[in-house]
Amino acid sequence: MPTTTKTKTIQKTAKAGRRMAPSKGGQARSRSFKEEPNSLEARIVDLAVSGKLAEAGRRAIEAQIKLGLPVTIQKGDKVIKRYQDGREEVLETIPRRKFKIPKGVAVIPSK
């Protein structure tokens with residue numbers, strides 16, 4: 001059986017340690033397993049794991065309250081609007097979903 005150009009490309013990609021993913025045209029395109037160290041996704045994960053992302057969120061909420069603006073947050077299954085004077089108004093109750101975290105997904109603990 002003769003080897004086509006497409007077959008050669010797939011073989012080269014497999015040797016390079018990359019996985020093939022289908023594209024819109026039905027042809028395979030390569031996708032690298034390695035994540036770029038300076039990518040936006042990698043930086044966001046680093047900020048979340050270190051706690052800096054949560055701290056920035058807390059500071060932003062405090063700044064909004066100091067300006068006298070209400071802040072809308074989610075607490076459990078409720079969407080709550082919190083006012084500067086300490087009042088809380090429940091805007092809506094969200095139905096809980098039966099979601100299971102997939103294997104291999106890291107959960108970042110909240111403080």
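Here the structure is a predicted model, which means the values were calculated and not measured.
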Any side-chain heavy-atom pair of [X] and [Y] under 4.5 Å:
X	Y	answer
Val79	Ile94	yes
Ile73	Arg82	yes
Lys75	Glu88	yes
Leu91	Ile80	no

Using a strict threshold of under 4.0 Å (side-chain N to carboxylate O), is an ion pair present between Glu89 and Lys81?
no
For the pair Lys52 and Glu55, find out whether any cationic side-chain nitrogen is under 4.0 Å from an anionic carboxylate oxygen.
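No salt bridge links Lys52 with Glu55.
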Distance-minimising heavy-atom pair for Asn38 and Arg43:
O-NH1, 3.5 Å
Atom pair CG (Asp85) and CD1 (Ile65), whose distance is rounded to the nearest 0.5 Å:
10.5 Å
Separation between CG of Leu67 and CD of Gln64, rounded to the nearest 0.5 Å:
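Going from CG on Leu67 over to CD on Gln64, the span is 6.0 Å.
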Between Ile44 and Leu40, does a side chain to side chain contact (heavy atoms under 4.5 Å, CB included) hold up when you go through it step by step?
CA-CA 6 Å; Ile44 289 172; Leu40 177 63; 3.9 Å; yes
